[in-house]
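Read through the structure below, which is laid out as structure tokens, and then see the notes.
Basis for what follows: all heavy atoms, side chains included, without hydrogens, waters or symmetry-related copies. Per chain, numbering begins at 1; letters A, B, ... match sequence-line order.
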There are 2 protein chains.
Amino acid sequence: MTALQGVLAERDKWSAVGQCAIEKTMSVVGTKSAMLLMREAYYGTTRFDDFAKRVGITKAATSARLAELVEAGLLTKQPYQEPGQRSRDEYVLTQAGTDFMPVVWAMFEWGRHHLGDTGLRLTHLGCGADATVEIRCAEGHEVPPDELGMKLARRRGR
Amino acid sequence: MTALQGVLAERDKWSAVGQCAIEKTMSVVGTKSAMLLMREAYYGTTRFDDFAKRVGITKAATSARLAELVEAGLLTKQPYQEPGQRSRDEYVLTQAGTDFMPVVWAMFEWGRHHLGDTGLRLTHLGCGADATVEIRCAEGHEVPPDELGMKLARRRGR
DNA sequence: CAGGATCCCTAAGGATACTG
DNA sequence: CAGTATCCTTAGGGATCCTG
């Protein structure tokens, strides 16, 4: 039982506020290949062919998905030049792309627990302990499902 | 620059370990409607028609997606009976479904920051502070992108 | 209320071949 | 290496109508 279930009465009001952030996010990066491309970007991949090979999708799909991720602001194309070669582009993470990490690693963690563990673990390099994705509040408390709520904040201009 | 980028040398070895957890997760719940159905489940929706109406998809899609979520173990069908009515099923969250929260709310938070804020906020009901989705280690440290690593643990039987 | 059936359209993505 | 172009298959999902 999650505490959010208490908000059903207000829920319909929120729809009126505008399209849900989850829906917008899924529209932008809601395909398997987009998620896997982001994963590869986190692993350090920057070259087109490496993306295609490591994700295991065709170049056509790679091209389409990378273009969308660039357009959505998660990656940027940056020119680089190897000696004797013409200038090419590589795909590097933006701040928005790095901010997307919790989504990808939350999926990783959920899959690991519920769909079979491959032995891979996220770790905190600073102290060596395993890392995971959690819901926490600004006061630093871990927020269990039954203490998670939703509120409609007064919006400040922007 | 993320620290994970140091792992590229080992990365190809991991592919051999088996299909990535992110990929498996996306195969199971990788559609926009599945995510939105989970969101509604967190808000407390349990009835078929309410899911269809609140998510804004057709009953055919609702039926297909809910069946997949039940099969994947995120929801269960539970019989209920209203006085004078025949017995029907409602869809309730399982533990695996509740465990999926970080994925959905991480998308919510990312969309809120990068695709336009609707004013909705996650809150910790216990203390009233805003809540968010973070990467933390077992020692309780918040893990910034440049301190997040990946390691291949020895797998223990199960 | 909780679907199933049918029809149709679009997006994702594989395979293959070609280009600068 | 970094794509583009073409062809084809499948899955997601809207619209509409029907059923217990």
* To do: Would you kindly say whether B:His113 and A:Asp99 are connected by a side-chain donor-acceptor distance under 3.5 Å?
  =>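 No, A:Asp99 and B:His113 have no side-chain donor paired with an acceptor closer than 3.5 Å.
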
What's the [atom1]-[atom2] distance between [X] and [N], to the nearest Å?
X: B:Leu37; N: C:dG3; atom1: CG; atom2: C1'; answer: 15 Å
X: A:Lys32; N: D:dA11; atom1: NZ; atom2: C1'; answer: 12 Å
X: A:Arg54; N: D:dA2; atom1: CZ; atom2: P; answer: 12 Å
X: A:Leu66; N: C:dA12; atom1: CG; atom2: P; answer: 14 Å
X: A:Lys53; N: D:dG3; atom1: NZ; atom2: C1'; answer: 16 Å
X: A:Met35; N: C:dG13; atom1: CE; atom2: P; answer: 12 Å
X: A:Asp50; N: D:dA2; atom1: CG; atom2: C1'; answer: 11 Å
X: B:Ile57; N: C:dC9; atom1: CD1; atom2: P; answer: 21 Å

* Structure fact -> Closest heavy-atom pair, A:Met35 versus A:Met107, reported as atoms and distance to 0.1 Å, is CE-CE, 3.8 Å

* Structure fact -> Between A:Cys127 and B:Glu139 the two heavy atoms that sit nearest each other are SG-CG, 3.6 Å

From C-beta outward on [X], which listed nucleotide comes closest to its side chain: [options]?
X: B:Ser33; options: C:dA2, C:dG13, D:dG13; result: D:dG13
X: B:Lys77; options: C:dG3, C:dA12, D:dA15; result: C:dG3
X: A:Asp49; options: D:dA2, D:dG12, D:dG14; result: D:dA2
X: B:Phe48; options: C:dA2, C:dA12, D:dG13; result: C:dA2
X: B:Lys59; options: D:dA15, C:dG13, C:dG3; result: C:dG3

State whether [X] places a side-chain N or O below 4.0 Å from either non-bridging phosphate oxygen (OP1 or OP2) of [N].
X: A:Tyr91; N: D:dG3; answer: yes
X: B:Ser63; N: C:dG4; answer: yes
X: A:Arg47; N: D:dC1; answer: no

* Structure fact -> Residue set satisfying ring-ring contact (aromatic ring centres under 6.0 Å, His included) with B:Tyr91, at least two apart, ordered chain then number -> none

* To do: Test B:Trp14 against A:Tyr43 for ring-ring contact (aromatic ring centres under 6.0 Å, His included), laying out the working first.
  => CA-CA 12 Å; B:Trp14 301 340; A:Tyr43 284 159; 5.2 Å; yes

